[in-house]
Protein chains: 2
Amino acid sequence: MTRKPEPEVVPRPLTPVELELMHIVWRLGEVSVADVLAALPPERALAYTSVSTVLRILEQKGVVESRKQGRGHLYSAVLPRDAYEAQSVRHLVETVFDGTPSALVARLVEAVPLSASEVDQLRELLDAKGRKP
Amino acid sequence: MTRKPEPEVVPRPLTPVELELMHIVWRLGEVSVADVLAALPPERALAYTSVSTVLRILEQKGVVESRKQGRGHLYSAVLPRDAYEAQSVRHLVETVFDGTPSALVARLVEAVPLSASEVDQLRELLDAKGRKP
DNA sequence: GATTTAGAACTAAGCCCTTAGTAGTTTGCG
DNA sequence: CGCAAACTACTAAGGGCTTAGTTCTAAATC
């Protein structure tokens with residue numbers, strides 16, 4: 001009935017709000033609560049305390065770290081965006097595509113509209129990969 | 001404070017247990033609670049009532065439907081696996097990769113070990129895509 | 001037809017997520 | 001120094017997820 005405390009093979013994705021704030025942290029580097037608040041789109045009016053709470057949760061999860069600065073704290077990412085992207089893709093391959101990466105890409109090119117230039121870009125990526133395995 | 005009831009642009013992913021059961025439903029087609037229970041790996045000993053509850057939640061969400069059969073119910077997928085895969089990829093592109101599909105693939109080929117044959121497969125997918133846009 | 005049994009519905013407990021208020025502390029300013 | 005503003009920690013409420021027990025009903029068996 002209780003959650004298994006074993007370290008997860010593929011870490012659990014960030015929750016929607018956590019991810020929303022992390023995008024800001026990744027973009028700005030080192031941020032105060034006020035910075036995050038200011039960076040949110042106008043229609044997304046979170047309370048100061050809500051942002052503060054989520055940042056504290058993220059710190060508790062080890063996703064960001066903070067250092068004291070003047071009156072408040074400055075938060076910065078411990079988990080780089082690259083790493084989270086990689087983690088997310090792995091998680092999706094694992095849980096939805098039976099661990100088969102090509103199945104994901106197959107579905108992607110079929111289900112998501114791709115511009116010609118994007119297709120070209122992908123081809124280049126594969127060529128680079130194919131030449132030095 | 002309450003969740004906005006607007007229809008989501010990209011539907012929320014299934015929860016871990018829901019997805020776990022859906023894999024079984026997709027594989028077996030039309031299943032009873034007992035079927036699902038039997039299809040679970042031995043180390044995954046869910047109670048009958050737990051499976052029943054999750055299937056009922058899935059039905060409530062419109063992901064499966066049921067018809068009465070003798071003593072119990074038979075559940076079958078309303079949401080095909082294809083569609084869910086597409087939905088999941090779109091969701092990931094949207095929330096993690098800024099809506100840029102090629103960024104996802106770039107991260108994939110970098111972060112997930114791909115066999116040479118998988119790389120070839122991907123190339124073929126792209127060729128097929130490139131020829132008829 | 002009565003009893004056993006299989007299943008569904010209801011319920012609940014524990015946990016996490018989201019949002020935010022309140023209270024208390026620290027800092028900067030006059 | 002004292003006050004106002006900013007900031008943090010604590011707390012809470014509402015909702016969803018996970019797991020499962022209990023209870024009630026319907027079906028199968030004798």
Side-chain angles (χ1 to χ4, degrees), chain A residues 1-8 11-24 30-41 43-76 91 95, chain B residues 1-8 11-24 30-41 43-76 91 95:
Chain A
M1 187 95 65
T2 46
R3 178 153 307 285
K4 55 182 167 200
E6 307 153 19
E8 312 178 65
R12 192 177 303 279
L14 297 174
T15 68
V17 186
E18 286 168 357
L19 182 55
E20 188 183 4
L21 298 202
M22 282 312 294
H23 276 303
I24 296 173
E30 203 179 30
V31 295
S32 65
V33 175
D35 292 336
V36 172
L37 213 41
L40 284 170
E43 70 272 16
R44 181 71 166 130
L46 279 180
Y48 181 99
T49 50
S50 303
V51 174
S52 167
T53 300
V54 174
L55 284 175
R56 213 163 336 108
I57 291 173
L58 283 167
E59 182 170 24
Q60 194 184 295
K61 290 187 179 181
V63 179
V64 304
E65 64 188 1
S66 71
R67 65 185 181 89
K68 221 161 242 144
Q69 203 261 357
R71 38 193 174 279
H73 287 160
L74 289 184
Y75 295 88
S76 51
H91 186 266
T95 58
Chain B
M1 190 92 67
T2 45
R3 179 151 306 286
K4 55 183 167 201
E6 308 153 17
E8 312 179 65
R12 192 177 303 278
L14 298 174
T15 68
V17 184
E18 287 169 356
L19 182 55
E20 187 182 5
L21 297 201
M22 282 312 294
H23 276 302
I24 296 172
E30 202 178 33
V31 296
S32 65
V33 175
D35 292 336
V36 173
L37 212 41
L40 283 170
E43 70 273 16
R44 181 71 167 131
L46 279 180
Y48 181 98
T49 50
S50 303
V51 174
S52 168
T53 299
V54 175
L55 284 175
R56 211 159 343 104
I57 291 173
L58 283 167
E59 182 171 22
Q60 193 184 296
K61 291 187 178 180
V63 179
V64 304
E65 65 188 1
S66 71
R67 64 184 182 89
K68 220 161 242 144
Q69 202 260 358
R71 41 199 173 277
H73 286 160
L74 289 184
Y75 296 88
S76 50
H91 187 266
T95 58

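Every chain is numbered from 1, with letters handed out A, B, ... down the list of sequences.
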Would you list the protein and nucleotides 23-30 of chain D atom pairs, both N or O, that sit under 3.5 Å from each other?
none

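Using a 4.0 Å heavy-atom distance criterion, B:Thr53 is classed as a base contact. If you check every strand for non-hydrogen atoms under 4.0 Å, B:Tyr48 touches sugar and phosphate atoms only. If you check every strand for non-hydrogen atoms under 4.0 Å, A:Lys61 touches sugar and phosphate atoms only.
A:Glu65 is linked by a salt bridge (charged side-chain N to carboxylate O under 4.0 Å, His left out) to nothing, counting only residues two or more places apart in sequence or in another chain.
Considering only side-chain N and O atoms, B:Ser50 lies nowhere under 4.0 angstrom from the phosphate OP1 or OP2 of D:dT19. Considering only side-chain N and O atoms, A:Arg44 lies under 4.0 angstrom from the phosphate OP1 or OP2 of C:dT19. Between B:Arg56 and C:dT11 there is no side-chain N or O to OP1 or OP2 distance below 4.0 Å.
B:Ser32 places a side-chain heavy atom less than 4.5 Å from the side chain of B:Asp35. Contact check for A:His23 versus A:Leu14: no side-chain heavy atoms found under the 4.5 Å cut-off.
In this structure, the nucleotide among C:dT19, C:dA9, D:dT19 sitting nearest to the side chain of B:His73 is C:dA9. Taking only side-chain atoms of A:Ala47, from C-beta outward, the nucleotide of C:dA9, C:dG7, C:dA20 with the closest atom is C:dA20. Taking every side-chain heavy atom of B:Thr49 into account, D:dT22 is the closest of D:dT18, C:dA8, D:dT22.
Donor-acceptor pairing under 3.5 Å, judged by distance alone, is absent between the side chain of A:Ser52 and the base of D:dA9.
Residues A:Ile24 and A:Ala39 approach most closely at CG2-CB, 3.6 Å, considering heavy atoms. Heavy-atom minimum distance, A:Pro16 versus B:Arg12: CG-NH1, 4.5 Å.
In this structure, OG1 on B:Thr15 lies 9.5 Å from CD on B:Glu20, to the nearest 0.5 angstrom.
Toward the 5′ end of DNA chain C lies the nearest nucleotide of A:Val54, the other residue of the pair A:Val54 and A:Gly72 mapping further downstream.
Here the C1' atom of nucleotide C:dC10 and the CG atom of B:Leu55 are 17 Å apart, to the nearest Å. Across the protein-nucleic acid pair, A:Lys68 atom NZ and D:dC7 atom P stand 14 Å apart, rounded to whole Å. With rounding to whole Å, B:Gln69 atom CD is found 16 Å from C:dA6 atom P. Atom CG of B:Leu37 is separated from atom C1' of C:dA8 by 15 Å (rounded to the nearest Å). Atom CE of B:Met22 is separated from atom P of D:dC17 by 15 Å (rounded to the nearest Å).
Of the residues in residues 14-21 of chain A, A:Thr15, A:Pro16, A:Val17 come within less than 4.0 Å of DNA chain C through at least one heavy atom, sorted by number.
Each end of the helix from C:dG1-D:dC30 to C:dG30-D:dC1 gets its own rotation axis from five pairs of C1' atoms, and the angle between them is 10° to the nearest 10 degrees.
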Table please: side-chain donor-acceptor pairs of residues 50-64 of chain B below 3.5 Å, with sequence neighbours left out.
residue, atom, partner, partner atom, Å
B:Ser52, OG, B:Arg56, NH2, 3.3
B:Thr53, OG1, B:Thr49, O, 2.8
B:Glu59, OE1, B:Ser66, OG, 3.4
B:Glu59, OE2, B:Ser66, N, 3.4
B:Glu59, OE2, B:Ser66, OG, 2.7
B:Lys61, NZ, B:Glu18, OE1, 3.2
B:Lys61, NZ, B:Glu18, OE2, 2.7

Please set out all donor-acceptor pairs under 3.5 angstrom arising from side-chain atoms of residues 68-75 of chain A, sequence neighbours excluded.
none

